Number of protein chains: 2
Amino acid sequence: MGCVTTALRTARPARKDALENREAILAAAGVVFRADPEASLDAVATQAGLSRRSIYGHFASRDELLAELLVRGGARISAALAGVHDPDPRIHLALVGAALWTEVQQVRVLAQLAIHGPLEKTVADALAPVRASVRHAVAGGIAAGFFRADVPEPSLARLIEDAAIAVLDEAVRSELSEAEGRRLVMAVGLSVAGLSWQDAAAVIDALPADPPQRPTNDKDPR
Amino acid sequence: MGCVTTALRTARPARKDALENREAILAAAGVVFRADPEASLDAVATQAGLSRRSIYGHFASRDELLAELLVRGGARISAALAGVHDPDPRIHLALVGAALWTEVQQVRVLAQLAIHGPLEKTVADALAPVRASVRHAVAGGIAAGFFRADVPEPSLARLIEDAAIAVLDEAVRSELSEAEGRRLVMAVGLSVAGLSWQDAAAVIDALPADPPQRPTNDKDPR
DNA sequence: ATTAAGTTGCACGGTGGTGTGCAAGTTAGT
DNA sequence: ACTAACTTGCACACCACCGTGCAACTTAAT
């Protein structure tokens, strides 16, 4: 084993490929756990092209690996959401949806893991920014008369979140294109919020149009 | 052990309390698996007030118990859906939602189990009637111009199903009243279908009004 | 070329679940 | 009261997984 975790400034600092492997494990965990949140570390190791044993050279336990995965996912989502602000709650909500779409994989991992275990708190923390943003939009939208008035605000916020997750699943299932998925997330979010599908479409079409915000994909191999 | 499964017409037919216990096990399984689809048989036995060992007097294996549970749930749902027909796709969809609401528990068990394992087919079969009914309404609604035209029909059907599940979850989480839950399922289903929330409300309010269809609750202790 | 970092395979102990056999008990039905 | 149906508890074998120790190997960096 190595001094991966305890990389004190002694003899030699670390090794390049070790970090790569660490990333490979995290990437593999993303893939595997997305398909089955209860998959074994063996499955993760195989997917990463490593041995189960060597995972323990990078993570002390299964839960630690999970936690790292969640924290990273949360960070990406927060980053994607950071620039999203709009005075119009409808637009705000649509933009949140679009931002989520760019992080589908992350969102789905989190959503999968959200169900069981002692990771709940970690998951909750990771998703907190999304929740806050959605709630803000919902409150404003209801107040402005844009959104439905027949559902209490907290419930509506949760319903929109759940609907967004469902759309994300459906988008992956149907292998929608980037553009279609993006549009669908926004459209269904607004629909659940109470808009007619035509109104939702109008909101989306009037968007500042920054759609193809993907520089080939980040260098981040996740 | 006993001749519970192989009740040939020999010496003595069966025993009353044995059947009761069988039902108790199924009821317990419903409760336990609803909370955690991967719970152990020990948990089920405890909930049923029996020993783990005796479960095997009624069911050959865990999967067999699960299967029985799913088949029953499917049967109840089918029954609840049997009388639901309306020429107006909007009303039809709303009524399907209302019917589902009366069977929340069953639906949620099925939805929970729908994820993993070799039970998928069983689950799919159990839910087939719902799927068919929803698809029928969706196709008609799109054709009539009531529902959204920006999502392919099969996807829209699945999205509505998923949204309904989410509403069911939310309703249980928020401990909505019978009436509120019933209304919410219908309203959100129609919203996802494309109606504005006011239109959805109008459809619901114009319903033939058979709401309190609960004679104290069936004698079925599930 | 040397050396420490990292990987691998194997063996192990521990945990928690399933499914079964059996002997002893309890209880419903005759 | 008798008997078969049923339940129970305990024991067991089996399996899948986690986490660890260790010795042998491969390889990045000096």
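Everything quoted here is computed from the prediction, not taken from an experiment. Both backbone and side-chain heavy atoms feed into the values below; hydrogens, waters and symmetry mates do not.
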Integer-rounded Å distance: [N] [atom2] and [X] [atom1]:
X       : N      : atom1 : atom2 : value
A/Glu38 : C/dT15 : CD    : P     : 21 Å
B/Asp63 : C/dT18 : CG    : P     : 10 Å
B/Asp36 : C/dG16 : CG    : P     : 15 Å
B/Leu50 : D/dG9  : CG    : P     : 10 Å
B/Arg52 : D/dG9  : CZ    : C1'   : 11 Å
B/Tyr56 : C/dG17 : OH    : C1'   : 9 Å
A/Phe59 : C/dG6  : CZ    : C1'   : 15 Å
A/Leu65 : D/dC17 : CG    : C1'   : 15 Å

[N] phosphate, OP1 or OP2, under 4.0 Å from [X] side-chain N/O:
X       : N      : value
A/Ser51 : C/dT8  : yes
A/Asn21 : C/dT7  : yes
B/His58 : D/dT7  : yes
A/Ser40 : D/dA16 : no

Let's go through A/Asp125 and A/Lys121 carefully: what are the C-alpha distance in whole Å and the side-chain angles of both, what is the deciding distance for salt bridge (charged side-chain N to carboxylate O under 4.0 Å, His left out) to 0.1 Å, and is it a yes or a no? CA-CA 6 Å; A/Asp125 291 350; A/Lys121 201 188 170 314; 3.2 Å; yes
Decide yes or no, distance alone: a donor-acceptor N/O pair under 3.5 angstrom between the base of C/dA28 and the side-chain of B/Arg15. no
Pair of N/O donor and acceptor under 3.5 Å linking C/dG19 base with B/Arg53 side chain: no
Closest of C/dT7, D/dC18, C/dT18 to the A/Arg62 side chain is D/dC18
Select one nucleotide: of C/dA28, C/dT18, C/dT8, the one nearest the side-chain heavy atoms of B/Lys16. C/dA28
Check: A/Ala60 main-chain N/O paired with A/Glu64 side-chain donor or acceptor under 3.5 Å: yes
Along DNA chain C (nearest heavy atom to each residue), the more 5'-positioned of B/Asp17 and B/Ala39: B/Ala39
Criterion side-chain contact (heavy atoms from CB on, under 4.5 Å) on B/Val104 and B/Val185, from CA distance to verdict: CA-CA 10 Å; B/Val104 210; B/Val185 177; over 6 Å; no
From CA spacing to verdict: side-chain contact (heavy atoms from CB on, under 4.5 Å), A/Arg173, B/Ser155: CA-CA 9 Å; A/Arg173 223 182 306 161; B/Ser155 285; over 6 Å; no
If the condition is side-chain hydrogen bond (donor to acceptor under 3.5 Å, both in side chains), which residues does A/Asp86 pass it with, not counting sequence neighbours? none
